[in-house]
Amino acid sequence: MTHPAAADLIARSNRLGSDPKNTNYAGGNTSAKGTETDPVTGQPVELVWVKGSGGDLGTLTEQGLAVLRLDRMRALVDVYPGLEREDEMVAAFDYCLHGKGGAAPSIDTAMHGLVDASHVDHLHPDSGIAVATAADGQELTSTIFGDKVVWVPWRRPGFQLGLDIAEIKAKNPQAIGCILGGHGITAWGETSDEAERASLWIIDTAAAYIAEHSRPEPFGPPLAGYAPLPQAERRAKAAALGATIRGIASQDRPMVGHFTDTGEVLDFLASSEHPRLGALGTSCPDHFLRTKVKPLVLDLPSDAPVEDCVARLKELAVAYREDYQAYYDRHATPASPAIRGADPLIVLVPGVGMFSFGKDKQTARVAGEFYVNAINVMRGAEGLSTYAPIDEAEKFRIEYWALEEAKLQRMPKPKPLATRVALVTGAAGGIGKATAKKLAAEGACVVIADLSLEKAQAAAAEIGGSDVAVGVAADVSDEDAVQAMVDAAVLAFGGVDLVVNNAGLSLSKSLMDTTAADWDLQHNVMAKGSFLVSKATAKVMVEQEMGGDIVYISSKNSVFAGPNNIAYSATKADQAHQVRLLAAELGAHGIKVNGVNPDGVVQGSGIFASGWGANRAAVYGVEEKDLGKFYAQRTILKREVLPENIANAVFVLCGPDMTHTTGLHVPVDAGVAAAFLR
Ligand SMILES: NC(=O)c1ccc[n+]([C@@H]2O[C@H](COP(=O)([O-])OP(=O)(O)OC[C@H]3O[C@@H](n4cnc5c(N)ncnc54)[C@H](O)[C@@H]3O)[C@@H](O)[C@H]2O)c1
Ligand SMILES: [Zn+2]
C-alpha cells in the first residue's frame with residue numbers, strides 16, 4: 001500500500017508538473033519523508049521517497065519513485081570524500097535503498113535526503129531561472145523575496161549542493177526555499193501542501209515581479225526585416241528549408257525534426273538582441289544535452305529567398321561544427337567522454353520559426369520546448385538585469401559529465417528504423433496500413449496519406465500518438481496535393497527518408513469493357529501517382545543528403561499476363577519499370593528503389609472488399625469469405641498471403657540488413673511460378 005506521504009507527494013508532483021510555468025518537461029524532482037515499520041526488525045524506519053532519475057513530474061507514479069533509508073543517507077555525510085570525488089556518492093545511494101529501492105536515484109537525491117524538511121521540491125520554472133541567471137541575481141533575490149528565499153551561488157548538482165542547501169535551511173529558519181544560481185529553485189515544507197505553497201509562491205512572486213519591473217523591450221527594439229512572415233508563408237518557407245536543415249543537423253547521426261512557429265520564438269527572432277543572446281546559450285543543467293550549448297541562428301531577414309537561406313545555412317553549419325569542436329577541445333580532459341557530434345540541435349530561422357532535433361520525435365519536440373523555456377528565461381533576466389548564464393567550462397562539465405554519459409550508455413539499443421521518417425500512401429487500410437504499422441513498430445515515424453483525412457488520421461491514431469504517426473489527406477494523382485503531403489511530412493518530422501508507393505485501386509475488366517476513364521483513373525493513381533510522389537519525396541531526400549528508400553507496391557500482375565486486367569496490369573508494369581529507372585537515377589544520392597509484388601491479399605484489402613473479391617469468388621465458384629484460402633491452394637507454398645507479409649518485405653528492403661540492393665522486386669505471393677522473375 002502506498003504510504004500517505006508518498007501518495008501526497010505523487011499528487012503534488014502531478015499538479016506541479018502539469019503546469020509548464022512550474023518546471024520543464026522531465027525537469028526537477030520532489031520528495032517526501034515518512035516513517036514505516038521495517039519488515040526485518042519490526043522497528044520504525046525513516047524513509048525518503050524521491051522522484052527517480054529521468055521521470056516527469058506531471059505523470060509521476062509510484063514506480064517512478066526511489067525509496068531510501070534516511071539513517072543511511074545521513075550517514076553518508078561522514079564518508080563523503082569531498083567535492084573532487086562527489087560523483088562517487090551516486091553509487092553509494094544504492095546502499096541506502098529500502099527494499100527493492102524503486103526507480104534509480106537521481107543526482108539530486110542528496111539534496112532531498114539531507115535537507116531537514118518533510119517535503120522538498122526542486123523545480124526549473126522559467127520565472128525562477130530568470131532570477132537565477134540575472135547578473136545581479138543575488139541582490140534581486142533579496143529585493144524580490146526578502147529573507148524568505150535565500151540565494152545559493154551556482155554549483156553543479158550533486159552531494160555538495162545538497163549539503164549547501166541543508167546548511168542554508170538550518171541557518172535560515174524563516175526561509176521557505178532558495179534560488180539556485182544559474183539553475184532553478186528549491187522549496188520545502190513540513191507538509192506536502194506547505195511545500196507546494198512555498199514552490200508556487202516563489203514561482204508566482206518571481207513572475208509577478210518580472211511582469212511589473214521588466215523593461216518594455218527586454219530583447220531590444222524590433223529588428224527591421226525580421227518580423228514574422230504571415231502564417232501560410234512561414235509554413236511554406238519552413239517546408240522549403242526543412243530538408244536542408246535536417247541534413248545539417250544529421251551530419252554526425254540521423255535526427256528526427258520538430259518545427260514550431262510559436263510566438264515566443266518569432267518575437268525573439270524579430271528583436272535586435274537575439275544574435276547576442278542566442279550566442280550566450282542556455283543555462284539550466286537540464287538543457288545542455290537536449291539543446292546543446294547554443295543554437296544555430298540564420299542571420300538573414302524574414303523575406304530572404306529560399307536559395308539564399310540554403311546557401312547561408314550551409315556556411316553557418318560549417319562554422320557551427322568548427323565552433324563546437326573548438327569548445328569540446330578547450331574543455332575536454334583525457335577522462336572526458338568522446339564528442340557526441342558537432343551538429344546543432346536547435347536551428348532558428350527569422351520570420352519562420354525553430355527546428356529542433358533528437359533521436360526520436362519526442363526528444364526533438366522536447367528540445368524545442370526547452371529552447372522556448374530558455375527564451376522565456378532570457379526575456380525575464382534581460383527585462384530585470386542582464387542575462388548571465390553559467391560559464392562555458394561549467395556548461396561543458398555538465399554536458400560531458402561522466403554520470404550523464406553513463407545514463408546515455410544505459411539507454412536501450414535503438415530500433416532498426418529509429419530516426420527514419422516513412423511516408424506511406426494509401427495507408428488508411430489494407431497493405432498500406434499494415435506497412436505503416438510495421439515501420440512504426442520498427443522505430444520509424446510514419447506519415448499516413450490517403451484520400452480521406454478522417455481515415456488517415458484514424459489509422460495514425462491506431463498506430464500511436466502524434467510523436468509516432470500522423471495522418472494527412474492526399475490524392476496522389478494531384479501534383480499540388482502531393483506537394484502539400486510532402487510539406488506536411490517535413491513539418492511533422494523534419495523530412496522524409498522512406499517512401500512506400502502503395503495507393504492503388506483495381507477495376508478488373510476485359511479490353512472491350514475498359515473505358516478510357518477506367519484506364520485514366522488507374523494510370524493516374526498508380527503510374528502517375530507514384531511518379532509524382534517519388535519526384536516530390538526524392539527532392540527532399542536529395543536535399544537532406546541522408547540517402548533513403550523508395551518502395552513500390554506493384555503486383556504479380558506487373559509480370560503476369562492474364563485476361564480482364566488490361567488497365568490495372570499495364571499500370572502495375574509501369575510502376576515496376578519506374579523502380580528500375582529510379583534505382584538507376586537516384587543511386588548517386590544513396591537512394592535505393594525497390595518493389596514488392598504481392599498477390600492474393602484478401603484480408604483487410606479494400607480492393608477485394610469493394611466488389612473485386614465478390615467478382616473473383618463468383619468466377620472461381622467459392623464463397624467470398626473463402627477466397628483467401630482458395631488463393632492459398634493455388635500457390636506453391638499453399639499459404640494465404642496477409643497484409644503483414646507485404647509489410648515485412650517492405651521492412652526488410654528498407655531495414656539495416658539490405659543495404660546493397662536496389663532495383664529489385666520481391667514477390668510476396670506464396671509462390672506463383674507464372675510470376676517468377678527472370
Ligand atoms: N490486395 C492484393 O492482393 C494486391 C495484390 C497486388 C498488388 N496490390 C497493391 O497493393 C496496394 C494496396 O492495395 P490493398 O489491397 O491494400 O487495397 P486497399 O484498397 O485496401 O488500399 C488502397 C488504398 O489506397 C487508397 N487510394 C486509392 N486511390 C488513392 C489516391 N488517388 N490517392 C491516395 N490514396 C488512394 C485507398 O483509399 C485505399 O486506402 C495497391 O497498389 C494494390 O494495387 C494488392
Ligand atoms: Zn535541477
Side-chain angles (χ1 to χ4, degrees), residues 23-24 26-29 51 106-108 111 121-125 128-129 132 155-158 161 180 182-186 283-287 398 424-436 448-453 455-456 459 472-478 481-482 485 500-507 521-522 524-530 532-533 551-558 560 565 568-569 571-572 575-576 595-613 616 627-628 631 640-643 645-647 650 667-670 672 675:
T23 202
N24 52 348
N29 31 62
K51 189 200 90 167
S106 80
I107 188 73
D108 289 324
M111 166 169 54
D121 293 336
H122 166 62
L123 302 168
H124 298 157
I129 306 178
R155 184 185 286 293
R156 194 167 63 145
L161 183 64
L180 277 51
H183 178 173
I185 71 166
T186 294
S283 186
C284 178
D286 265 5
H287 283 230
I398 301 267
V424 187
T425 66
I431 292 171
K433 184 161 91 177
T435 301
I448 304 232
D450 211 304
L451 290 172
S452 146
L453 178 64
K455 287 185 185 161
V472 299
D475 176 349
V476 296
S477 64
D478 173 342
V482 167
M485 165 185 87
V500 185
N501 274 313
N502 168 78
L505 78 164
S506 176
L507 313 169
L521 174 61
Q522 290 176 91
N524 282 342
V525 174
M526 290 176 279
K528 180 180 162 195
S530 37
L532 291 174
V533 171
V551 179
Y552 281 65
I553 307 299
S554 39
S555 171
K556 171 203 79 173
N557 290 311
S558 65
F560 172 84
N565 230 347
Y568 179 79
S569 294
T571 200
K572 285 291 168 189
Q575 284 187 312
V596 177
N597 287 351
D599 187 42
V601 184
V602 179
Q603 284 188 36
S605 164
I607 290 180
F608 275 92
S610 61
W612 163 278
R616 292 286 97 189
L627 196 60
Y631 280 136
E640 182 173 351
V641 186
L642 302 174
N645 301 128
I646 315 301
V650 174
V668 184
D669 54 10
V672 176

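Since this is a predicted model, take the numbers as computed values, not measurements. Counting convention: from 1, in listed order, for ligands and their atoms alike.
Scanning S477, S605, G429, A503 for the heavy atom closest to atom 34 (N) of ligand 1 points to A503. Among G430, A449, S554, the residue whose heavy atom lies nearest to atom 7 (C) of ligand 1 is S554. Distances from atom 10 (O) of ligand 1 to the heavy atoms of D599, I553, V533 put I553 nearest. Nearest residue to atom 28 (N) of ligand 1 from V525, T435, D478 is V525 (criterion: closest heavy atom). Compare A427, A474, A481 by their heavy atoms: the one nearest to atom 33 (C) of ligand 1 is in A474.
Residues passing the side-chain hydrogen bond (donor to acceptor under 3.5 Å, both in side chains) test with S506, sequence neighbours excluded: none.
With a heavy-atom cut-off of 4.0 Å, K556 does not touch ligand 1 at all. For S610, no heavy-atom contact with ligand 1 is shorter than 4.0 Å.
Side-chain contact between V641 and V668: present, with at least one pair of heavy atoms (C-beta onward) separated by less than 4.5 Å.
With ligand atoms numbered from 1 in the order given, ligand 1 contributes 10 (O), 11 (C), 12 (C), 40 (C), 41 (O) to contacts under 4.0 Å with heavy atoms of N502. In the vicinity of F608, heavy-atom distances shorter than 4.0 Å reach the ligand 1 atoms 1 (N), 2 (C), 3 (O).
For the atom pair CZ (F560) and CG (N565), the distance works out to 9.0 Å, reported to the nearest 0.5 Å.
Considering backbone and side-chain N/O of I431, one or more are found under 3.5 Å from N/O of ligand 1. Backbone and side-chain nitrogen or oxygen atoms of L505 are examined, and none is located within less than 3.5 angstrom of a nitrogen or oxygen of ligand 1.
Distance alone, capped at 3.5 Å, places no donor-acceptor pair between the T23 side chain and the L123 backbone. Judged purely by atom type and a 3.5 angstrom limit, D450 has no side-chain atom pairing as donor or acceptor with the backbone of A456.
Contact between Y552 and Q575 at its shortest, heavy atoms only, is CD2-O, 3.7 Å.
Between H183 and H124, the ring planes are tilted. Angles from 30° to 60° get that label.
Distances from the Zn ion (ligand 2) to the N/O/S atoms of H124 are shortest for NE2.
Backbone or side-chain N, O or S atoms of C284 do not reach the Zn ion (ligand 2) at under 2.8 Å.
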